[in-house]
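Below you'll find the structure, written out as structure tokens, and then a few comments.
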Amino acid sequence: MVVPVKQPVAVTKRTITWCPGCGNFSILSAFIDAVNDLGLEPWKVVVVSGIGCSGKIANYTPFNGAHVIHGRVIPFAMGVKLVNPELVVVGFSGDGDAYAIGIEHLPHAIRRNIDVKLIVHNNKVFGLTTGQASPTSDKGMITRTTPWGNIEEPINPIAMAISLGASFVARGFSGDTGHLKYLFKEALRHKGFSLIDVLQPCVTYDRVHTYQWYRERIYRLEDAGHDPVNFNEALKKAYEWGDRIPIGLFYRVRKPTFEEVLPVTSEGPPLVVRPISSRTIRDLLVKNHGLTLD
Amino acid sequence: MERDVVQLLVGGSAGSGSIACGTILARALMEMGYYIVGDNEYPSIIRGGHTAYWVRASVKRINEVDEFNDLVVAMDHETFIRHSMEFRESTVFILDSKVVKPPNGVKVIDVPVLKLLREEGMELVVGNSIFSGAVAAAIGIPLDYVHKAIEAQFRGRKSVIEVNSRAAAIGYEYLAQVSIDYDLPRLKPPRPWGPRVLLTGNEAVALGMAKAGVKVYASYPMTPASTILHYLIGISKDKDMAVLQVENEIAAAQIVAGAAWAGVRAATGTSGGGFSLMVETLSMAGMMELPIVIVLAMRPGPSTGMATMSAQQDLLFAVFSGHGEFPRIVVAPIDQYDAYIKVIEAFNLAEKYRVPAIILEDKHLAEGHRSVPVLPEEVAIDRGAVVPYEEAVKLVRNGFEYKPYQVTKTGVSLHISPGVPGLVVRTESSEHDEGGFVTIAPHKASEMYLKRLRKIKYLRKEIEEKYKPLEVHGVKPSEADLLIFTWGSSLQAVVDAMEIVGGELSASVISISYLWPFPRRRFREALMGVKDAITISVEHNALGLLAKLIRMETGFRIAYHLGKVDGRPFRPSPLAEKIIKLAKAVRGVKHGSPR
Ligand SMILES: Cc1ncc(C[n+]2csc(CCOP(=O)(O)OP(=O)(O)O)c2C)c(N)n1
Ligand code: SF4
Ligand SMILES: [Mg+2]
């Protein structure tokens, strides 16, 4: 029997439909706190979320929100950022959303270094679709679709992002909200594509990777004197998994962002506030099509 | 003997410059004042294979390239094999007999291009311009016009212009001094004609986007849509337009959706394969009510089909793609000029009704040439339900209560993009309430679903009353023995075919450009009082997709279908022959009666 629990209500007055104890709660509160701490105005922040338990967050954050389709957080967010670089655009994906159906966008967002932050609720399963395996499910892990143990290797999002040249790569843990808030603030301050992979226990479909399991293994890179400027060291840390699991800022480098380099967005007001720029076609016909007017 | 119309064909292997040679001749003839239609064909191969360019030039308006060529530049032997059905006894061939051996008995003008190049110390690549000059001399194009066309073709590339102009002059002079003992196809003097430009459909589409004020164009290259991307990249640098090549069509469509939500006009372009990847976003745009514009430049399918050929196979795909029911606009321009107009109209309608729009081209229109009047500068730009940024700021400051999905009589809600001080806006791909929050409450869900669909009625009405959703050519339908239905670029061949059919049958052609929402009333009005006419749909597909759509939307049954699936567009003469044959075989058969 399931005892009905009183469900919490978000600041947006929506009932929060996550399971009690779900790691998503602390991602939500840490993010709202990070935005508030930085004094960002709510109307300047855009949350773009995908589909999954994780994706529901757009309905719970008191910011502009676009709850898009499964896997398409990055390109939608990119469209928003291009049009209005003054907005702080933050994507929220699940591990399925970002690393399965939407993986094709990740390397390209990294290559472009578009100033979009991607927060991945990495719970190692497909939560919303009732607990199937995900690209981050450990080898041997029992899920709804791997009843005899997962036979595939998990991907390593941190190592992948660092090696692809991402300008900000971090790992957080839902059980350490204060540290999570710190990472979110660092990411919000950073200019450039940022990946924050959050170890987020799914209390309903993953009985192995519990808060306890993580607590026994986790340590903060910040406490271990890790220097996030050091690429090789960051990559080395990215491969650490097992008895000891590092969380924190792995790597950060400032390089030009896509919208800083693209001529049309590199200067002037955001595209959205520029007047509709209807071109004089005659000029183009003369210039490009040899039109001569007497 | 001088004529009203002359048709040229330039054939060569890919990389030989046959398309450039043909385009230069087309441009020169246009500059002289002739009406031009140009078509090209090339394989999906960068070197080798066979490419062809047809130019039809006329003293009066013509609509389509036809089957027979009066003059042929044969740069490769394939020209004789591939186009054997396009020659008449009178056809004259210009070629270098050291390169190509013509079949016996054909009329040949031998131009020793290789020898001339060698003598002048010129590179092989400009051989095509020697041919341009030779053709000009043969049919009476003054050399000045060829020079001007070369300048327009290679605009800005000084040394390229210089060497090609020199090559053209050599070809011109050579031909002028050889004696030719048969009739050359020469045109009558042109009639005075206002200034014209030679445009492809894709150039016209890109110009329409520039006029419409598109700020984001994201795309993944795919023939025959890529040249929109190329053109826009070329004009974007100093202007307010972000033009991007991205990782795939899914990303392209999503970026466009994000940009549209963030408040600007945004578009993408692709062909059927890429459109398949965009379908999830199309449905999302339906739910989020985003006015994204997608150019679907059709090529034959299924799958990769014939990458560089033409077809009209995706009409029903454009109309019905996407899960769930939602309003959309599907519009198919009939020619290059119309493409410019329809792109601008599509943006106005999409933003007024907050619905996605699909512009259906085919390769033949997208990459074919036509001499068109100077595109109009005075066009309406109407952002409809989009609240301009400054206005939104004021509204919010004055306490305006904004609901992004407000339920209204027409179903259209005002759109304010994110970034307005003091306002937080939302959009949702799941069913949502007026505020943009997820809902599954039965009443709310029904209300919102129907709100969106309500737009169809108003959109259709507007298209029927303020736009030109269909055109009738020829006699009034009520007086016609023959009713032909068509859409998109196929109209051009049909109109010329009807000219050929001439007095044999009194025919009426109905061409529909706004295909969705289907202009039912205008269609019924057009067919008012129709007699027992023979009804045929002429479409570049196998199954008669327009005919099916008409049947579904109006109940009107079109009895016959003339289709084509070889990737090559209709040509008027063979089409006329087929129409006459069909009409003779069925004369007297009633339309609409059960059979
Ligand atoms: C195109 C598409 N395929 C499948 C689904 C069904 N679906 C919804 S959420 C989801 C996976 C969710 O997993 P994840 O992204 O890890 O999010 P979580 O629920 O774990 O937060 C799937 C497969 C969908 N909505 N859209
Ligand atoms: S299923 Fe798992 S991820 Fe989803 S809400 Fe419940 S605990 Fe959280
Ligand atoms: Mg997950």
Side-chain angles (χ1 to χ4, degrees), chain A residues 12 14 41-46 48 51 56 58-59 62-72 74-84 86-87 104-105 107-108 259 262-265 268 270-282 284-285 287-294, chain B residues 27 148-149 151-152 155 195 197-199 203 207 210-213 215-216 234-242 246-248 250-251 254-259 261-266 280-281 284 374-375 377 381 383 389 417-430 436-438:
Chain A
T12 55
R14 304 295 120 177
E41 280 153 309
W43 54 268
K44 278 215 160 167
V45 178
V46 179
V48 180
I51 299 297
K56 294 173 189 284
N59 274 241
F63 313 120
N64 296 296
H67 187 193
V68 302
I69 53 177
H70 197 29
R72 309 302 163 217
I74 290 175
F76 190 94
M78 179 171 162
V80 175
K81 185 71 187 181
L82 267 181
V83 167
N84 196 346
E86 287 178 3
L87 297 174
E104 75 235 55
H105 307 300
H108 304 285
E259 60 285 7
L262 189 72
V264 66
T265 48
L271 286 174
V272 67
V273 301
R274 295 185 207 175
I276 187 145
S277 57
S278 192
R279 296 282 290 260
T280 308
I281 295 306
R282 226 162 252 261
L284 290 171
L285 294 179
K287 190 163 165 251
N288 295 341
H289 304 277
L291 174 68
T292 42
L293 297 162
D294 333 288
Chain B
R27 216 182 279 279
K148 204 169 165 233
E151 261 174 55
R155 69 191 108 94
V197 274
L198 194 69
L199 288 183
E203 287 167 345
L207 289 165
K211 189 78 205 171
K215 294 235 172 83
V216 173
I235 65 165
S236 68
K237 186 143 190 256
D238 48 339
K239 296 293 173 183
D240 298 342
M241 199 190 254
V246 296
E247 61 266 28
N248 57 27
I250 296 177
Q254 282 290 326
I255 288 167
V256 166
W261 182 63
V264 302
R265 289 190 157 182
E280 60 167 9
T281 306
M284 187 190 87
V374 176
L375 301 172
E377 218 65 74
I381 305 286
R383 299 211 61 197
Y389 181 76
S417 47
V420 174
L423 180 73
V424 160
V425 295
R426 282 169 199 284
T427 187
E428 232 323 321
S429 77
S430 304
F437 286 105
V438 174

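Chain letters run A, B, ... following the sequence lines, proteins first and then strands; every chain starts at 1.
Contact between B:Val424 and A:Pro62 at its shortest, heavy atoms only, is CG2-O, 3.8 Å. Taking every heavy atom of both residues into account, B:Pro418 and A:Leu87 meet most closely at O-CD1, 3.9 Å. Minimum heavy-atom separation, B:Glu247 to A:Glu104: CG-O, 3.9 Å. Between A:Val273 and B:Tyr389, the shortest heavy-atom contact is CG1-CD2, 3.2 Å. Summarising the geometry of B:Ala152 relative to A:Gly290, their closest heavy-atom pair is CB-CA, 4.1 Å, with the distance given to 0.1 Å. Here the closest heavy-atom approach between residue A:His67 and residue B:Val438 is recorded as ND1-CG2, 4.0 Å.
No side-chain N or O of B:Glu203 forms a donor-acceptor pair with one of A:Asn288 less than 3.5 Å apart. Side-chain contact of B:Lys148 with A:Thr292: a donor-acceptor pair under 3.5 Å is present, judged by distance alone.
Neither the backbone nor the side chain of A:Pro270 comes within contact range of chain B; no heavy atoms are under 4.5 Å apart. There is no contact between A:Thr265 and chain B, counting heavy-atom distances below 4.5 Å. With a 4.5 angstrom heavy-atom cutoff, B:Glu377 touches chain A only via side-chain atoms. Heavy atoms of B:Leu423 lying under 4.5 Å from chain A belong exclusively to its backbone. Proximity to chain B involves both the backbone and the side chain of A:Arg282, based on heavy atoms less than 4.5 angstrom apart. For A:Ile69, the parts lying under 4.5 angstrom from a heavy atom of chain B are both the backbone and the side chain. Looking at B:Ala210, the atoms closer than 4.5 Å to chain A (heavy atoms on both sides) sit in the backbone and in the side chain alike. When heavy atoms are compared at a cutoff of 4.5 Å, A:Ala77 does not approach chain B at all. When heavy atoms are compared at a cutoff of 4.5 Å, A:Leu82 approaches chain B solely by way of its side chain, counted from C-beta outward. In this structure, chain B has no heavy atom under 4.5 Å from any part of A:Ile74. Heavy atoms of B:Ile381 lying under 4.5 Å from chain A belong exclusively to its side chain. With a threshold of 4.5 angstrom between heavy atoms, B:Val246 approaches chain A through its backbone and through its side chain.
Of the listed residues (A:Val272, A:Val83, A:Ile276, A:Asn59), the one with the most heavy-atom contacts under 4.5 Å to chain B is A:Asn59. Residue with the most contacts toward chain B among A:Glu41, A:Lys287, A:Arg14: A:Arg14 (heavy-atom pairs, distance under 4.5 Å).
Residues A:Asn64 and B:Arg426 form no side-chain contact, since every pair of their non-hydrogen atoms from C-beta on lies 4.5 Å or further apart. Here the side chains of A:His105 and B:Ile250 are in contact, with some heavy-atom distance below 4.5 Å. The shortest distance between side-chain heavy atoms of A:Val68 and B:Thr427 does not fall below 4.5 Å.
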Go through A:Val264 and B:Lys215 one step at a time and tell me if the side-chain contact (heavy atoms from CB on, under 4.5 Å) criterion holds.
CA-CA 9 Å; A:Val264 66; B:Lys215 294 235 172 83; over 6 Å; no
Do B:Gln254 and A:Met78 pass the side-chain contact (heavy atoms from CB on, under 4.5 Å) test, and can you show the C-alpha distance, the side-chain angles, and the key distance before you say yes or no?
CA-CA 9 Å; B:Gln254 282 290 326; A:Met78 179 171 162; over 6 Å; no
side-chain contact (heavy atoms from CB on, under 4.5 Å) evaluation trace for B:Ile255 with A:Phe76
CA-CA 5 Å; B:Ile255 288 167; A:Phe76 190 94; over 6 Å; no
How far apart are the C-alpha atoms of A:Val80 and B:Trp261, what are their side-chain angles, what is the distance that settles it, and do they pass the side-chain contact (heavy atoms from CB on, under 4.5 Å) test?
CA-CA 7 Å; A:Val80 175; B:Trp261 182 63; 3.8 Å; yes
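A:His289 NE2 to B:Leu375 CG: the interatomic distance, rounded to the nearest 0.5 Å, is 8.5 Å. Taking CZ of A:Arg279 as the start and NZ of B:Lys211 as the end, the distance is 10.0 Å to the nearest 0.5 Å.
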